[in-house]
Amino acid sequence: MTQCRIAIYPGSFDPVTSGHYDIIVRASRLFEKLIVAVAPNPSKQPLFTAEERVAILQEVCASLPNVQVECFEGLLVDFAVKCGAQVIVKGLRAVSDFDYELQMALTNKRLCPQVETIFMMTSSEYVFLSSSMVKEIARLGGSVQGLVPKAVEPYLYRKLEQPVPNKETNRG
Ligand code: PNS
């Protein structure tokens, strides 16, 4: 039986959310090495540059010794092979993610049969969460406390030229 030692967790991470971080921590316990792979994804007009997203992730993952953050261009499977990764990890939040993720997993399988995609269910407290949601809340002056790792907050408000709100801003 072949052991899966290196896995890759790809995404835009614009910015990394608490849901992403939860997957990173859980996946890092399953593999010897986890490479968090930032895709530039210019079609999505990201808020943060790829370099900024890598720097933020490096800060957020600093306490996870087997997690490495990289940026890649081109096909994900080519980058996975280059890194020696046998597994692509993806997080699934809800049924609405499934069609798109299935399409990507099957495409990647077709392109590179030796690399497997595995899905991890997002923890229930983050099922609603997305980077887009976080950016909208911050842009409109709301608090993103708990929705992103603590280190992300100052980057987000600075980039959006918003003051850091106090916790009372959000009701509920
Ligand atoms: O966080 P996202 O935006 O959903 O991540 C999407 C990502 C980066 C995983 C996906 O766009 C990707 O794998 N891009 C690399 C290009 C590629 O390999 N495309 C073919 C696979 S469908």
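The figures that follow rest on heavy atoms only: side chains count, while hydrogens, waters and symmetry mates do not. All ligand and atom numbering here is 1-based and tracks the order in the structure. Residue indices begin at 1 and follow the sequence shown.
Side-chain contact between Ile8 and Val89 is absent, with no heavy atoms from C-beta onward closer than 4.5 Å. In this structure, His20 and Tyr9 have side chains that are in contact, with non-hydrogen atoms separated by less than 4.5 Å.
With ligand atoms numbered from 1 in the order given, ligand 1 contributes 1 (O), 5 (O) to contacts under 4.0 Å with heavy atoms of Gly11. Close contacts of ligand 1 with Phe72, meaning ligand atoms under 4.0 Å from a residue heavy atom, involve 15 (C). Set against the non-hydrogen atoms of Gly74, the atoms of ligand 1 under 4.0 Å away are 15 (C), 16 (C). If you number the atoms of ligand 1 from 1 as listed, the ones under 4.0 Å from a heavy atom of Leu76 come out as 13 (O), 17 (C), 18 (O).
Less than 4.0 angstrom separates atom 7 (C) of ligand 1 from none of the non-hydrogen atoms of the protein. Within a 4.0 Å radius of atom 12 (C) of ligand 1, the protein contributes no non-hydrogen atoms.
Only the side chain of Asn108 comes within 4.0 Å of ligand 1, counting heavy atoms alone; its backbone N, CA, C and O stay farther away. Counting heavy atoms under 4.0 Å from ligand 1, residue Ala39 touches it through the side chain alone.
Distance from atom 2 (P) of ligand 1 to its nearest protein heavy atom, with residue and atom name: Ser12 OG, 3.5 Å. From the protein, the heavy atom lying nearest to atom 4 (O) of ligand 1 is Lys44 NZ, 3.9 Å. The protein non-hydrogen atom at the shortest distance from atom 19 (N) of ligand 1 is Leu75 CD2, 4.0 Å.
Asp14 and Ser131 share no side-chain donor-acceptor pair at under 3.5 Å. Between the side chains of Gln68 and Glu70, at least one donor N or O sits under 3.5 Å from an acceptor N or O.
No donor-acceptor distance shorter than 3.5 angstrom exists from the side chain of Ser123 to the backbone of Glu125, with no hydrogens or angles considered.
Atom 22 (S) of ligand 1 has its nearest heavy-atom neighbour, among Met104, Glu73, Lys90, Glu101, in Met104.
With values rounded to the nearest 0.5 angstrom, Cys112 atom SG is found 7.5 Å from Ile88 atom CD1.
Transitive grouping of hydrophobic side chains (ILVMFWY, heavy atoms separated by less than 4.5 Å) keeps Leu92 and Val25 in distinct clusters.
Heavy-atom neighbours of Phe128 CZ from other residues, nucleotides or ligands within 6.0 Å: above the threshold of 12.
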